Undergrad: 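I am attaching a structure below and will ask some questions about it afterwards.
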Amino acid sequence: MPTDFDALDRADPLTDVAARFEPGHAGVLYFDANSIGAMPITARERIERVLDEWRELRRGGWAESDWLDAPLRLGDKLAPIIGARAGEIAVGDSTSVNLFKALGAALRLRPGRTRIVTEIGSFPTDLYAAQALARLFPGVEIVYAREGEDPRTLVDARCAALYLSHVDYRSARRHDLAALSAHAHTHGALSVWDLSHSAGANPIDLVGAAADFAVGCGYKYLCGGPGAPGYIRIAAHLQQACDPILAGWMGHADKFAFAPDYAPAPGIARQIVGTPAVIANAVFEAALDVWRAVDLAAAFAKHARLGDLALKSIAQATAAAGVSIASPRAAGRRGGFVAIGHAQAKAIVAALEDHGVIASYRPPDVIRFGLSPLYHRYRDIGALVERLARIVNERLWDRPQYLQARTT
Ligand SMILES: *Cc1c(COP(=O)(O)O)cnc(C)c1O
C-alpha cells in the first residue's frame, strides 16, 4: 500500500511548528538542512530590535540591553537540545574555532599524553584544527582510524583525546556517543565531539553519555542563520580545570578591570574570547526560542520517521535505476540527513535543482537530503521521492547541462 503522506501530516504533533519558519520559494523543496536551516519568521524583528538598540543606545547596549550575556544565555537555551546542563555551554565563534578550543583544552588536561585519536574521514576543518594543535604541542601526534576502522582500537594510555564527528558528513553514520566516550575513559582519555550533523536532528544526551567536550554549529539543523555562531560545551566538572587555549578579555574574571594579567572567569565563561556577535546572536536566539516551544522527544521521533520513510520510499521507487542506500537504515545509527549513492550523483543533484529539489552532492557519488523535524512535512518526502524517481528512472540527468553542472 502506498504511504499516505497527507495522513501522516494530519497526525503530526509538530505541524504548527513549520508555520514559525519562512516557507521559501513556492514549489521548491529544500533538503539541504545540513548546510543551512530555514529562517525563523521572528528573525527579522530580532535583528530590527538590535538595530534600534544600536541607533538609540550605542555603547549603552552593552549595559542596558542583553548583548553581553548572550553567549551564556543562548548556551542555556541550547542545552536541552543536546542533553547538556545549564552553565555548560558558551555560544560564540565558529565551529572551527571551537574545535580548536575544545581539543586544546583536552590536550592541556592530559599533559604527557602524546596522541589524538580521530578518523581520516572526519570533516576537513576538524582535521585541520587537530593538525594545527599537534604542531603546537611538541611530541603530540594524530592517529587516524582509516575508513571503516573502529577508532576505539587505537585508544590506549598514550591517548589524550578521542576526537570525533558524531555523524559522518558523507554517509550520515552516527557514532554511539556514550559507548565511545566510555571507552575513552577506560584508558584515561577525554572525549571531544563535533555535533554539527546531529544537534537539532537526533536525540543527544551529553550528560548521560558522560561526554567531556562537544562543539557544533548554529546554522544547520538548529536554524540559527547564515554566520550563526557555533558553541562549545564542557562537562561541568572539567570547566574549572580548563586553561583556555584562546584567552581573551571577554573570558576574564573581571573584564572591565582591564588587568594586564589574565585571570579566567569561573566555569564555561572563560571559553568566551572576544566581543559577542550581537546581530548573529539575536538571530540564533530567535531560532532557539522556537526550539524552546518544541516537544524534543516528538521532534526527534519525527526526524527518525522522516528519514525511514525517505529511504524506504526511495528504495522502492528507484529500484532499477542504480540508486543505492548510502546511510544506515536504522534511524538510531543515522545523523541529520539521509544519503543515497549513484554513479551520476552530481548530475542528478543538478537535475533535482532544476526540478525544484535542493539537495547536496559530496564526491564521489553521494547525494544528501537533510531533514528537519521542525519544518519538513511528510508530504515533502512524498514529493521528493516522486521527483527523484522521475529523474533517475527516466534518466533526465543525462543532459549536458546537468553532466557539466557545477554544484556546491
Ligand atoms: C558544518 C560543519 C563544520 C562547520 O565549521 P565552521 O567553522 O562553522 O565553518 C564543522 N565541522 C563539521 C563536522 C561540520 O559539519
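Counting starts at 1 for both ligands and their atoms, following the listed order. Since the model is a prediction, treat every value here as computed from it, not as a measurement.
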Undergrad: Distance-only check: which donor-acceptor pairs under 3.5 Å involve side-chain atoms of residues 17-31, not counting sequence neighbours?
TA:
none

Undergrad: One thing to verify: whether R49 and E53 come together as a salt bridge, which I'm taking to mean a side-chain N less than 4.0 angstrom from a carboxylate O.
TA: yes
Undergrad: First locate atom NE2 of H355, then atom CZ of R390, and finally report the distance between them rounded to the nearest 0.5 Å.
TA: 5.0 Å
Undergrad: Show me the donor-acceptor pairs within less than 3.5 Å that the side chains of residues 120-129 make with the rest of the protein, sequence neighbours left out.
TA:
residue	atom	partner	partner atom	Å
S122	OG	T118	OG1	3.4
S122	OG	E119	O	3.0
T125	OG1	S96	OG	2.8

Undergrad: Distances under 3.5 Å, N/O of ligand 1 against N/O of the protein: list each pair and its distance.
TA:
residue	atom	partner	partner atom	Å
ligand 1	7 (O)	T95	N	3.4
ligand 1	7 (O)	S96	N	2.8
ligand 1	7 (O)	S96	OG	2.6
ligand 1	8 (O)	T95	OG1	3.2
ligand 1	8 (O)	Y219	OH	3.0
ligand 1	11 (N)	D126	OD1	3.1
ligand 1	11 (N)	D194	OD2	2.8
ligand 1	15 (O)	H197	NE2	3.1
ligand 1	15 (O)	K220	NZ	2.4

Undergrad: Give me each pair satisfying side-chain hydrogen bond (donor to acceptor under 3.5 Å, both in side chains) with a member in residues 97-107, each pair once, sequence neighbours excluded.
TA: D93-K101, N98-K101
Undergrad: Should the pair R377-D380 be classified as a salt bridge under the 4.0 Å nitrogen-to-oxygen rule?
TA: yes
